[in-house]
Amino acid sequence: MFYLGLFFVANLLFCVAYVVRDMAWLRAITILAASLTLPYFFAQSEPLYSAMGWQVAFIVINTVNLTVLLLERRPIRMTEAEQQLHISTFRTLTPREMLRVLKPAQWAEAQPGDRLIEHGVRLGQLMLIHQGRAEVRKHGVFRANVGPGDFIGEMSFATGNPTSADVVATEPVQYLVWQREDLERLYLKHPNLKNAMQNILGIDMAHKLSRHGDPVAETG
Ligand SMILES: Nc1ncnc2c1ncn2[C@@H]1O[C@@H]2COP(=O)(O)O[C@H]2[C@H]1O
């Protein structure tokens with residue numbers, strides 16, 4: 001009777017597990033429910049070893065996946081620069097997703113007068129200004145200022161066309177650089193990050209449009 005009661009509770013718990021929406025709870029309750037079935041199967045006049053074996057397999061699979069889930073949910077520590085980047089540019093990503101995006105990027109620095117981007121070249125890079133300001137110039141004519149939180153090179157990065165303007169540092173600039181191949185590798189591994197980054201680049205372009213009216217049109 002006791003074992004039958006346990007088996008009943010186990011099945012009730014399976015029902016609860018299938019109702020909860022959070023994957024970690026679903027797996028935790030399933031592990032508990034599967035464990036509670038074991039005494040019942042064992043207490044039969046002929047212990048049901050094969051049924052027990054399957055329940056143990058479910059327990060192992062759910063324990064592994066639950067561990068992975070909980071590891072992914074651990075709070076993470078961000079440096080000051082990462083915190084600023086999260087606020088300025090990557091707020092639509094979780095901190096963990098942002099760190100995945102930042103991992104293949106290289107930090108770089110430029111001094112006033114340095115050209116971050118040359119007009120008319122195929123860049124294959126995406127850059128993000130973290131600190132400092134730069135000017136967008138076309139044929140030497142000022143078109144716009146860019147500063148912390150602004151991507152540069154995103155237009156040619158998105159279209160594959162040559163760059164539409166020069167971008168020249170007017171202050172010491174600290175920026176991040178992604179190589180196209182590195183981002184493509186990242187997107188293959190985490191396809192959701194591709195959409196997320198396209199969204200972020202879309203927001204960046206919208207900000208530039210609202211500030212300056214028209215990103216430089218490439219007419220050659
Ligand atoms: N009007 C603008 N406002 C801000 N940034 C711009 C503007 N026009 C061009 N840029 C930037 O200058 C970069 C030159 O290279 P890209 O065309 O790849 O991407 C361009 C943008 O990042």
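Start at 1 with the first residue, then count along the sequence. Whatever order the structure lists ligands and atoms in, that order sets their numbers, starting from 1.
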Can you tell me if L123 has a non-hydrogen atom under 4.0 Å from ligand 1? no
Going by the order shown, which atoms of ligand 1 are within less than 4.0 Å of some heavy atom of A144? 1 (N), 2 (C), 3 (N), 4 (C)
Any atoms of ligand 1 less than 4.0 Å from a non-hydrogen atom of A165? List them with their elements. 14 (C)
V167 side chain near V146 side chain, heavy-atom distance below 4.5 Å: yes
Going by the order shown, which atoms of ligand 1 are within less than 4.0 Å of some heavy atom of K208? 4 (C), 5 (N), 22 (O)
What I'd like to find out is whether the side chain of F151 reaches to under 4.5 Å of the side chain of T89, using heavy atoms alone. yes
Does only the side chain of S156 get under 4.0 Å from ligand 1, or the backbone, or both, or neither? Count heavy atoms. both
So which atom in S156 and which in N161 form the shortest heavy-atom distance, rounded to 0.1 Å? CB-O, 3.0 Å
Heavy atoms of other groups near W107 CH2, more than 12 under 6.0 Å: yes
Is the number of heavy atoms from other residues, nucleotides or ligands within 6.0 Å of CZ (F142) greater than 12? yes
E154 touching ligand 1 at heavy-atom level, < 4.0 angstrom: yes
Report, in ascending order of atom number, the atoms of ligand 1 lying under 4.0 Å from any heavy atom of V146. 4 (C), 5 (N)
Ligand 1 to V167, heavy atom cutoff 4.0 Å, flagged ligand atoms 12 (O), 13 (C)
Kindly state whether the ring of Y40 and the ring of Y3 have centres lying under 6.0 angstrom apart. no
Between L6 and L38, is there a side-chain heavy-atom distance shorter than 4.5 Å? no
Just by distance, do the side chain of R27 and the backbone of A24 share a donor-acceptor pair under 3.5 Å? no
Contact atoms of ligand 1, heavy-atom distance to S164 under 4.0 Å: 9 (C), 14 (C), 15 (O), 16 (P), 17 (O), 20 (C)
For ligand 1, which part of M155 has a heavy atom less than 4.0 Å away: the side chain, the backbone, both, or neither? both
Under 4.0 Å between heavy atoms, the region of T163 that gets near ligand 1 turns out to be both
